[in-house]
4 protein chains.
Amino acid sequence: MPISNFDPGDTPGYIYERMADHIATRINAGELAPHKPLPAERRLAEEYGVSLGTARRATELLRERGLVVTLRSKGTFVADVRGEKKCYPPTGESTGQPESDPWGGEPPLIA
Amino acid sequence: MPISNFDPGDTPGYIYERMADHIATRINAGELAPHKPLPAERRLAEEYGVSLGTARRATELLRERGLVVTLRSKGTFVADVRGEKKCYPPTGESTGQPESDPWGGEPPLIA
Amino acid sequence: MPISNFDPGDTPGYIYERMADHIATRINAGELAPHKPLPAERRLAEEYGVSLGTARRATELLRERGLVVTLRSKGTFVADVRGEKKCYPPTGESTGQPESDPWGGEPPLIA
Amino acid sequence: MPISNFDPGDTPGYIYERMADHIATRINAGELAPHKPLPAERRLAEEYGVSLGTARRATELLRERGLVVTLRSKGTFVADVRGEKKCYPPTGESTGQPESDPWGGEPPLIA
DNA sequence: GTGGTCTAGACCACC
DNA sequence: GTGGTCTAGACCACC
C-alpha cells in the first residue's frame with residue numbers, strides 16, 4: 001500500500017526532498033521511533049512509488065540532517081535526538097544479542 | 001541517418017512546427033503506432049538535424065495537439081486517438097502504483 | 001509463483017546444488033535459451049523459495065560449470081554451448097568498448 | 001575512441017574513483033589545463049566506457065577534491081590551483097563575451 | 001536481506 | 001547542449 005498524503009507529481013521541489021520531509025514528519029510524529037529501523041530502501045521506494053535511487057537520496061538527506069543513522073548491511077535507524085545528550089560508546093563491543101540496534105546498550109523507549 | 005523528406009532550411013514557418021507536422025504524418029501513417037515510444041529527444045534532434053531545444057518544442061507541440069503523451073524519465077509515447085471518445089475519469093481513483101503505461105486499462109493493440 | 005518440481009526440504013545434498021541442477025535442466029530443455037537472461041537473483045530466490053545467498057550460490061555454480069555468464073549490473077545469461085568448440089582468445093585484444101553481449105561476434109540465434 | 005590505460009573491470013576500487021584518479025592525472029599532466037572545460041559528462045562516460053551516473057560520480061569526486069569547478073548548464077572546468085592565490089571576483093558582472101570560462105577576467109595560461 | 005555500486009537510458013531546468 | 005533529476009532495474013559486499 002502506498003503512503004497516503006504523498007503525491008510527488010503535483011508539487012514543487014525535488015521528489016527526494018519531499019519524500020525526506022514526509023519521513024521526517026513521520027519520525028517527529030513518533031510513528032517511526034528512535035532506534036527503530038526505517039523500512040528498507042527497496043520497501044520505501046515501493047511505498048512512495050519512486051525509484052530506488054530516489055529513495056536512497058531521501059534517506060541520504062535524512063542522514064545529513066542527523067535524523068537517521070545508516071549501518072551498512074544492517075539498515076537505517078531513527079536517530080535518538082533526545083536533548084542531545086547522546087553519547088556513542090567509544091569502543092563498543094557486541095553484547096551478544098543480534099545486532100539490529102546500533103544503540104544496543106540502552107534501554108529501549110518503546111519496544 | 002537523418003530523416004528524409006525533411007529540409008527545414010528551404011521552407012517557411014518555424015522549424016519545430018514543420019518537424020512536429022512531419023512526426024504527426026508519421027504517426028498518422030502508422031509508422032509510429034499508438035502506445036509506442038517516440039525516439040528520445042536527443043535522437044529526434046539528431047535524426048532531424050536540429051538542436052535539442054527545437055526537438056523539444058516539436059514534441060511539446062505534439063503534446064498540445066494530443067498526439068503524444070510524455071512520462072518523465074520514461075519517454076514520450078504516441079497517444080491512442082481511436083475515435084476520440086477517450087475520456088479520462090474526472091476524479092479517477094488512483095490504483096496506487098505509478099502506471100508504466102498511460103493506457104493501462106485498455107486492451108493492448110500489439111502485445 | 002514458486003517453481004514446481006522443486007522441493008528442497010525433502011532431499012539430500014545442498015539446496016543450492018539442487019537448485020543449480022534444476023536450472024541446468026531448464027537450460028538443457030531449452031526453456032532458458034542461449035543468450036537469454038536468467039531471472040534476476042531476487043526473482044530466482046523468490047521463485048525457488050530460498051534466500052538470496054542460496055540463489056547466488058546456485059548461479060555461481062552454474063557459472064563454474066560454464067552454463068551461464070554474468071555481466072555486472074546487466075544480468076546473468078545462458079551460455080552458448082553449441083558443440084563446446086567455443087574458445088576465447090587467450091590474449092584477446094579488447095574492442096575498446098564493453099560488450100553488451102558476451103557473444104557479440106556470433107550470428108544471433110534468435111534475433 | 002575510448003581512453004587508453006584505463007580498464008575498470010580488472011582492478012580494485014570503485015570505478016568512479018579510478019576514473020577520477022585518471023582524470024586527475026590528465027589534469028596534473030597538463031593535458032587538461034586550468035580554465036579549460038572537461039569533456040561533457042556524456043562524453044566522459046563514452047570515453048571511459050562507463051554509465052552516465054558513474055561519470056557523474058567521478059566529476060563529483062574531482063569537485064570535492066577542488067580539482068574542477070562545475071557551472072550548471074555551462075560545464076565542468078579545470079580549477080586553477082596555482083599557489084592558492086586564486087581570488088573569485090566578489091560580484092563579477094559579465095564582460096560581454098560568451099561565458100564559457102568561469103575565470104573570465106584573467107589572462108589565459110595556454111589558449 | 002541490507003545498503004552500495006552500476007547500467008542504460010529517459011525528460012527537465014537552464015543557458 | 002550542459003549538468004540535474006529520475007526511472008527501473010541489475011549484481012556485489014557484507015552481515
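Only a predicted model underlies this, so the values are computations on that prediction, with no experimental measurement involved. Note: hydrogens, waters and symmetry copies are ignored here, and every other heavy atom, side chains too, is used.
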Original post:
Where each pair must be Watson-Crick or G-U wobble with both distances under 3.5 Å, what dot-bracket representation of DNA chain E is obtained, with crossing pairs in [ ] and other-strand partners as |?
Top reply: ||||||||||||||.
Original post:
Any ion pair linking E46(D) and R42(D) (charged N to carboxylate O, less than 4.0 Å)?
Top reply: no
**OP:** Salt-bridge test for D21(B) and R65(B): reply yes if a basic N is under 4.0 Å from a carboxylate O, no otherwise.
**Re:** yes
Subject >> Sole candidate of T70(A), L67(A), L44(A) that passes side-chain contact (heavy atoms from CB on, under 4.5 Å) when paired with L38(A) >> reply: L44(A)
Subject >> Residue pair F77(B) / V68(B), side-chain heavy-atom distance below 4.5 Å >> reply: no
Original post:
What pairs with E60(B) under side chain to side chain contact (heavy atoms under 4.5 Å, CB included), at least two apart in sequence or on another chain?
Top reply: R57(B), R63(B), E64(B)
In whole Å, I'd like the distance from the [atom1] atom of [X] to the [atom2] atom of [N].
| X | N | atom1 | atom2 | result |
| --- | --- | --- | --- | --- |
| Y16(A) | dA8(F) | OH | P | 19 Å |
| Y14(A) | dC11(E) | OH | C1' | 14 Å |
| L71(D) | dA13(E) | CG | P | 20 Å |
| L44(D) | dG1(F) | CG | P | 16 Å |
| E41(D) | dT7(E) | CD | P | 14 Å |
| L38(A) | dT2(E) | CG | P | 12 Å |
| F77(A) | dG3(E) | CZ | P | 8 Å |
| R18(A) | dC6(F) | CZ | P | 11 Å |

Original post:
Out of dT2(F), dA10(E), dG3(E), which nucleotide sits closest to the side chain of A40(D)?
Top reply: dT2(F)
**OP:** Between dC12(F), dG4(F), dT7(E), spot the one nearest the side chain of T70(C), thanks.
**Re:** dC12(F)
**OP:** Scan S51(B) against the nucleic acid and name what it touches under 4.0 Å (heavy atoms): base, sugar-phosphate only, or nothing.
**Re:** nothing
**OP:** With DNA chain F as reference, determine whether R72(B) or G75(C) sits nearer its 5' end, using the nearest nucleotide of each.
**Re:** R72(B)
Original post:
Of T76(C) and P39(D), whose closest DNA chain F nucleotide lies nearer the 5' terminus?
Top reply: P39(D)
Original post:
Rounded to the nearest 0.5 Å, what separation is found between the NE2 atom of H22(D) and the CZ atom of R18(D)?
Top reply: 8.0 Å
Taking all atoms of both residues into account, what is the closest heavy-atom pair of [X] and [Y], and its distance?
| X | Y | result |
| --- | --- | --- |
| T54(A) | Y16(A) | O-CB, 3.7 Å |
| I15(C) | F6(C) | O-CZ, 4.3 Å |
| L32(D) | P39(D) | CD2-CD, 4.5 Å |

Original post:
Given the rule in the side chain to side chain contact (heavy atoms under 4.5 Å, CB included) test, do V69(D) and L71(D) qualify, once you have shown the distances and angles that lead to the verdict?
Top reply: CA-CA 7 Å; V69(D) 173; L71(D) 276 71; 3.6 Å; yes
Original post:
Ignoring hydrogens and angles, does a donor from either the side chain of R42(D) or the base of dG3(F) sit under 3.5 Å from an acceptor on the other?
Top reply: yes
Original post:
Do S73(C) and dC6(E) have a side chain to base donor-acceptor pair shorter than 3.5 Å?
Top reply: yes
Subject >> dA8(E) OP1/OP2 closer than 4.0 Å to side-chain N/O of K74(C) >> reply: yes
**OP:** Tell me which residues in residues 52-62 of chain D put a heavy atom below 4.0 Å from DNA chain E, sorted by number, or none.
**Re:** T54(D), R57(D)
